[in-house]
Protein chains: 2
Amino acid sequence: MQPECIKMQRISRLIAIENIIRSEKVSSQEEIIRKLGKMGIKCTQATLSRSLKQLGVVKVPDGRGGYRYSFVSDHVPQIQAEAKYDLVNVIRSIIEVKGMILIKTSPGYANSVAITIDNYGRYEIAGTIAGDDTLLVIPRDNVSPAHVRNILEMIFPGIHSMTG
Amino acid sequence: MQPECIKMQRISRLIAIENIIRSEKVSSQEEIIRKLGKMGIKCTQATLSRSLKQLGVVKVPDGRGGYRYSFVSDHVPQIQAEAKYDLVNVIRSIIEVKGMILIKTSPGYANSVAITIDNYGRYEIAGTIAGDDTLLVIPRDNVSPAHVRNILEMIFPGIHSMTG
DNA sequence: GAAAAAAATGAATAAATTTGCAACCAGAAT
DNA sequence: ATTCTGGTTGCAAATTTATTCATTTTTTTC
């Protein structure tokens, strides 16, 4: 009967939603509805909510006090377990300096270790600074170096026994 | 009242929240509140909402019809695009550690920010050390971190309001 | 092609989350 | 100590998002 547009409705909406989210900053569903409207696509907030769930969309804090929609898949799942395991072996020493942790590694590996620590995303660790074979792990105020060492042990199991 | 000074309240709450979210599946803020309660940490849902925003937590569709809270591995996808022209936008956080100022930036930008600070030539700033996405601004002896923050505000107008 | 089954949608509603505001608290400045 | 200042919080209200239910649309099956 109708060889024409059959059920493109849903699909084109999904595509439009993705385009909107990828191209501009949107921070509420109502906002998306409005933009869809301008593109000639109409749907209710209920449907949009379901669509976002299907697309795997998340509302992330933008770090500036607001939120924005984004795709989960863009926030690459971390964990390169094996690489992490190898990294334990490049660590040569761990000492405490001025309430911070100083780690010596094989030449060229400091940055990899630092990135691994950063990716672990522990709040207690304010940050890391890496040179070529040395990195500094800086605890937040009121966080003890000992606590940080425990965290490091979690990230790099066996690390302390190896380095004494 | 409490004889002890408690500034750790906030920090320990953030840490607890992170632990909960990393270790178990939670799908609503009320649920997190309950678990915090069992750990002896009490706060309202409003505060939790704000904490989640600060921590960069998102509610992601779990692909099974439900949702779960999770951390966004790498913050701020689009900021990067806009950031190329304005260094202020690559600055993600500024905190005080050990009397120094630790600045986190988008990946790869720490050095640019450090150079900008160095070039500004303020006597109060003894020097900077930059890694890939983190830099340390070291005040001269007897120069307060707060003062350094003021200087930073001069170099990067709007910096604090954005990262606070 | 018609009936049955499955999927999708809107309206209304419930549930969950965010925010404005005033109070509060700790630290810095005076 | 007293005042300022900036940040944190709870409360209540506002906003935003998810879901229930009834209905419609599409797909499947016979």
Side-chain angles (χ1 to χ4, degrees), chain A residues 1-14 16-17 21 26-37 41-62 64-70 140-142, chain B residues 1-14 17 21 26-34 36-37 41-62 64-70 93-96 99 139 142-150 152-153 159-164:
Chain A
M1 291 299 190
Q2 286 86 359
E4 321 205 18
C5 41
I6 314 247
K7 63 148 200 186
M8 281 280 85
Q9 281 304 33
R10 196 178 95 93
I11 301 298
S12 50
R13 184 183 61 248
L14 258 35
I17 292 173
I21 291 178
V26 280
S27 49
S28 84
Q29 298 186 3
E30 289 301 341
E31 206 178 331
I32 297 176
I33 298 266
R34 250 174 281 132
K35 291 184 188 296
L36 282 174
I41 295 177
K42 273 209 305 192
C43 76
T44 62
Q45 177 271 321
T47 296
L48 176 57
S49 170
R50 288 183 275 242
S51 299
L52 293 180
K53 185 195 257 189
Q54 290 162 3
L55 286 169
V57 166
V58 292
K59 190 180 175 188
V60 343
D62 66 4
R64 293 190 161 69
Y67 294 88
R68 72 174 301 156
Y69 280 89
S70 172
R140 273 185 193 273
D141 284 345
N142 299 316
Chain B
M1 289 308 207
Q2 317 295 348
E4 297 291 333
C5 162
I6 327 166
K7 174 70 175 199
M8 290 294 287
Q9 276 316 82
R10 195 178 95 92
I11 301 296
S12 48
R13 184 183 60 248
L14 292 177
I17 292 171
I21 291 178
V26 281
S27 50
S28 84
Q29 297 188 1
E30 287 300 341
E31 205 177 333
I32 297 176
I33 296 270
R34 251 175 278 130
L36 282 174
I41 295 178
K42 271 216 297 199
C43 73
T44 62
Q45 177 274 322
T47 296
L48 176 57
S49 170
R50 287 182 273 243
S51 299
L52 293 179
K53 185 196 256 190
Q54 290 162 4
L55 286 169
V57 166
V58 293
K59 189 180 176 188
V60 347
D62 65 4
R64 291 186 158 67
Y67 295 87
R68 76 171 297 165
Y69 280 89
S70 171
S93 69
I94 303 179
I95 67 172
E96 206 175 304
N142 301 317
V143 172
S144 75
H147 185 190
V148 173
R149 293 178 87 111
N150 288 337
L152 290 176
E153 177 66 41
I159 195 183
H160 288 118
S161 55
M162 310 192 74
T163 57

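From a predicted model like this one, the values you see are computed outputs, not experimental measurements. We name chains A, B, ... by the order of the sequence lines, and we start the count at 1 in each one. All values below come from the heavy atoms of this structure, side chains included, with hydrogens, waters and symmetry mates left out.
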J.: Quick one: does A/Ser49's side chain have a donor or acceptor within less than 3.5 Å of a partner on A/Gln45's backbone?
T.: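 No, A/Ser49 side chain to A/Gln45 backbone: no donor-acceptor pair under 3.5 Å.
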J.: How long is the span from the CD1 atom in A/Ile17 to the NZ atom in A/Lys35, to the nearest 0.5 Å?
T.: 13.5 Å
J.: Between B/Leu48 (CG) and D/dC11 (C1'), how many Å, whole number?
T.: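 My rounded result for the distance is 16 Å.
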J.: Which heavy-atom pair separates A/Lys59 from B/Val58 by the least distance, and what is that distance?
T.: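 Result for this residue pair: O-CG1, 3.6 Å.
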J.: Check B/Val57 against A/Pro61 and note the closest heavy-atom contact, atom names and distance.
T.: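 Distance-wise, the nearest heavy atoms are O-CD, 3.6 Å.
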J.: How many Å lie between CD1 on A/Ile11 and P on D/dT27, as a whole number?
T.: 10 Å
J.: As an exercise, state the distance from NZ of A/Lys42 to CD1 of A/Ile33, rounded to the nearest 0.5 Å.
T.: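 These two atoms lie 11.0 Å from each other.
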J.: Can you check the A/Glu31 CD to C/dT18 P distance for me, whole Å?
T.: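 Result: 16 Å.
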J.: Identify all pairs in which a protein N or O lies below 3.5 Å from an N or O of nucleotides 7-9 of chain C, and state each distance.
T.:
{"from": "C/dA8", "atom 1": "OP1", "to": "A/Arg10", "atom 2": "NE", "distance (Å)": "3.0"}
{"from": "C/dT9", "atom 1": "OP1", "to": "A/Arg13", "atom 2": "NH1", "distance (Å)": "2.9"}
{"from": "C/dT9", "atom 1": "OP1", "to": "A/Arg13", "atom 2": "NH2", "distance (Å)": "3.3"}
{"from": "C/dT9", "atom 1": "OP2", "to": "A/Arg13", "atom 2": "NH2", "distance (Å)": "2.8"}

J.: Measure the spacing between CZ of A/Arg13 and SG of A/Cys43 and express it to the nearest 0.5 Å.
T.: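 Between A/Arg13 CZ and A/Cys43 SG, I get 5.0 Å after rounding to 0.5 Å.
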J.: Considering non-hydrogen atoms only, spot the tightest contact between A/Gln29 and A/Leu48 and give its length.
T.: O-CD2, 3.3 Å
J.: Would you kindly compare B/Ala46 and B/Gly65 by the position of their nearest DNA chain D nucleotide and give the one closer to the 5′ end?
T.: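 This one resolves to B/Ala46.
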J.: Distances under 3.5 Å only, N/O to N/O: pair up the protein atoms with those of nucleotides 13-17 of chain D.
T.:
{"from": "D/dT17", "atom 1": "OP1", "to": "A/Lys59", "atom 2": "NZ", "distance (Å)": "3.3"}
{"from": "D/dT17", "atom 1": "OP1", "to": "A/Tyr69", "atom 2": "OH", "distance (Å)": "2.2"}
{"from": "D/dT17", "atom 1": "OP2", "to": "A/Gln29", "atom 2": "N", "distance (Å)": "2.6"}

J.: Answer yes or no: is there a side-chain heavy-atom contact under 4.5 Å between B/Ile21 and B/Leu52?
T.: yes
J.: Given atom CD1 of A/Ile32 and atom P of D/dA18, what is their separation to the nearest angstrom?
T.: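 Going from A/Ile32 (CD1) to D/dA18 (P), I get 11 Å.
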J.: Atom CD1 of B/Ile17 and atom C1' of C/dT17: how far apart are they, to the nearest Å?
T.: 14 Å
J.: Produce the list of close N/O pairs, under 3.5 Å, pairing protein atoms with atoms of nucleotides 1-5 of chain D; give distances to one decimal.
T.:
none

J.: Rounded off to whole Å, could you give me the CG-to-C1' distance for the B/Leu14 and D/dT8 pair?
T.: 11 Å
J.: What integer distance in Å separates B/Ile33:CD1 from C/dT17:C1'?
T.: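 From B/Ile33 CD1 to C/dT17 C1': 11 Å.
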